[in-house]
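Report on the structure given below.
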Amino acid sequence: MTTLARPTGLSDADETAGILHRPYRMLTVGIVACVLLIAFEATAVNTAMPVAARALHGVGLYAFAFTGFFTSSLLAMVVSGEWCDKRGPLVPLGAGIAVFGVGLVLAGTATTMWTFVAGRVTQGLGGGLVIVALYVVVGLRYPERLRPRVFAAFAASWVLPSVVGPLVSGAVTQHLGWRWVFLSIPALIVAPLVLMLPQLRGLGAGEAAGQPLDRRRLWLALGLAVGAGLLQYASQRLDLWSLVPAAAGAALLVPAALRLLPHGTFRAERGLPTVILLRGVAAGAFISAEAFIPLMLVTQHGFSPTLAGLSLSGGGVFWAVGSWLQGRPFAEAYRLRLVQAGLAAGTVAIVLVGLAAQPSAPAFLVAAAWTLGGCGMGLAIASISVLLFNLSDPEEAGINSASLQVSDALGNIVCTALGGLLFTSLGIGTTRGFVAVFAAMAVVMLCGTLICRRAQPR
């Protein structure tokens, strides 16, 4: 693999410009605004969802509103990667934003829970198209020296929604109604489109431009999405009959994942395969552990839901700090070390949270640990994205970006399923169950720390 070529259409004077200087200013503001809206929707919807499910008399379909978004985004990620490589990122990015907006309107105007779920599925399709296309834009439009800063801006875009999103969503839901949490966002999508899309005209595909889409990859993507949906459905039943959809889901998901991700990913072969694997390991272990922390604080330490959520806010803020640090000029010479240090910090953080699962342990340990872990993830996740483009040819930017996002999603599926299995089998709400979950996630993160060096090609 070789480094992505210098962005086209840039003069020598542009080589010293920052991401907020010409010719990058409007594009940077546009894509950051786009990420900001997606982040706000992702954090706000968790607050509005229970109210929407009760209002639509569809509490029994509550989980499908989440899994529908997730499984459809898996399909869209692969489609977007193919589309970007063969046609350029402009059309899939614009289409993704439009489909995401349609999904928001469909969910916000739903009169039945099934219509609401259909809206969430549509949002997933749009979100999957957008996130991969944005990564391709970064790889093709920004020079190598600026990519770490763009990824740092992506991480910073999640901080404000993570802190104020639930509060704003709660206030809107309470005073205006849950529908406006969904219906207010489409109007805000216009601004990123106006700023961003004109900057992408003429940004074409690589050497694969004009070639037909790979139908085999599209069918594999469909099998991956359906398999993931069946596995998530089985994990919600947890009875004898759940073995049937679980087996069918695994039979679809495993072969599709092996063929969609770069050869040697699950063996941690040197170079790009290990980079892709590290994304799934890091994101899966950290996010899955985080999902159990509020419940642990409420049941083991008597925290209110609000206070339990605030205990994790330091992680979101310092995730942005870690991303900012890896974007400094000095960091490029230590890229692999930053990934390894970040995963090591995440391992320590999860271990400390596991210790805090004991009712006698000081509860403030969780906030301190997750601040450390968030900083580590900011260092690691953004650096992994930088390594991806350093090892990608221009004509493979879309496929490799899609592989990175698919690995992230699969890591969440596998780690969450493992955590749920341990938690239910060893005792729901017991100290032993929580300790088992955090111990398993710490082991997964530690394995990622140990294989980091293999991200360096021979």
Side-chain angles (χ1 to χ4, degrees), residues 1-36 38-39 84-85 88-90 93 130-159 192 195-206 272 275 279 319-339 342 377-398 400-402 404-405 455:
M1 291 290 181
T2 58
T3 303
L4 280 166
R6 173 186 174 182
T8 58
L10 302 182
S11 65
D12 293 336
D14 297 329
E15 293 183 355
T16 59
I19 62 173
L20 291 178
H21 297 153
R22 291 184 178 180
Y24 307 109
R25 182 185 300 134
M26 299 300 286
L27 179 61
T28 299
V29 173
I31 62 178
V32 168
C34 185
V35 174
L36 185 68
I38 292 175
C84 289
D85 282 342
L90 176 60
L93 182 58
V130 168
I131 191 62
V132 172
L134 286 178
Y135 268 66
V136 175
V137 167
V138 174
L140 296 180
R141 188 64 177 83
Y142 291 87
E144 183 177 344
R145 64 181 180 84
L146 290 182
R147 291 171 197 153
R149 301 184 187 182
V150 179
F151 290 125
F154 280 10
S157 300
W158 281 84
V159 175
L195 293 172
M196 177 173 49
L197 295 186
Q199 308 299 316
L200 301 181
R201 291 174 181 170
L203 188 62
L272 185 64
V275 172
R279 177 60 175 263
W319 188 309
V321 172
S323 296
W324 177 82
L325 287 174
Q326 66 78 39
R328 300 300 91 198
F330 76 88
E332 194 56 44
Y334 307 98
R335 187 62 60 190
L336 276 177
R337 294 183 181 181
L338 290 177
V339 176
M377 287 299 98
L379 288 171
I381 296 296
S383 291
I384 289 170
S385 299
V386 174
L387 288 173
L388 175 86
F389 288 113
N390 289 348
L391 298 173
S392 295
D393 290 322
E395 63 271 15
E396 296 178 337
N400 291 343
S401 297
L404 192 75
Q405 299 300 327

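Counting begins at 1 with the first residue of the sequence. Just the heavy atoms: all of them, side chains too, but no hydrogens, waters or symmetry mates, feed the values below.
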Sequence neighbours left out, what passes salt bridge (Lys or Arg N to Asp or Glu O under 4.0 Å) with R279? Give chain and number order.
-> D408

In short, L272 meets L391 closest at the heavy-atom pair N-CD1, 3.8 Å

Hey, does I31 have a side-chain heavy atom less than 4.5 Å from the side chain of V150?
-> yes

Say you draw a straight line from CD1 of I19 to CZ of R145; how long is it, rounded to the nearest 0.5 Å?
-> 10.5 Å

Could you pull out all residues at least two apart from A39 that satisfy side-chain contact (heavy atoms from CB on, under 4.5 Å)?
-> W158, P161

Any V35 side-chain heavy atom under 4.5 Å of V130 side chain = no

For the student: nearest non-hydrogen atoms of S401 and V136, plus distance | OG-CG2, 3.9 Å

If you look at every heavy atom in P89 and C84, which pair is closest and at what distance?
-> CA-SG, 3.8 Å

Using the test side-chain contact (heavy atoms from CB on, under 4.5 Å), find all partners of A320 that sit at least two apart in sequence or belong to another chain.
-> A156, V159

Closest heavy-atom contact between L338 and A331?
-> CD1-CB, 3.5 Å

In terms of the angle between their ring planes, are F389 and F151 parallel, tilted or perpendicular, with boundaries placed at 30° and 60°?
-> parallel

Does the side chain of F154 reach to within under 4.5 Å of the side chain of V138, using non-hydrogen atoms?
-> yes

Tell me the side-chain hydrogen bond (donor to acceptor under 3.5 Å, both in side chains) pairs involving residues 325-334, sequence neighbours left out?
-> Q326-R335, E332-R335

From L404 CG over to I384 CD1, what is the distance, rounded to the nearest 0.5 angstrom?
-> 7.5 Å

Stepwise side-chain contact (heavy atoms from CB on, under 4.5 Å) check, I38 with I131 | CA-CA 9 Å; I38 292 175; I131 191 62; over 6 Å; no

Non-hydrogen side-chain atoms of S383 and R337 separated by less than 4.5 Å = no

Decide yes or no for L379 and V339: does some side-chain heavy atom of the first lie under 4.5 Å from some side-chain heavy atom of the second?
-> no

Would you name the heavy atoms of L20 and R25 that are closest together and state the gap between them?
-> O-NE, 3.0 Å

Whether Y142 side chain and T28 backbone form a donor-acceptor pair below 3.5 Å | yes

Got a second to check how far L93's CG is from C34's SG, nearest 0.5 Å?
-> 6.0 Å

Any sub-3.5 Å donor-acceptor pair from S323's side-chain atoms to A382's backbone N or O?
-> no

Mind listing the closest non-hydrogen atom pair of L146 and Y24 along with its distance?
-> CD1-CE1, 3.6 Å

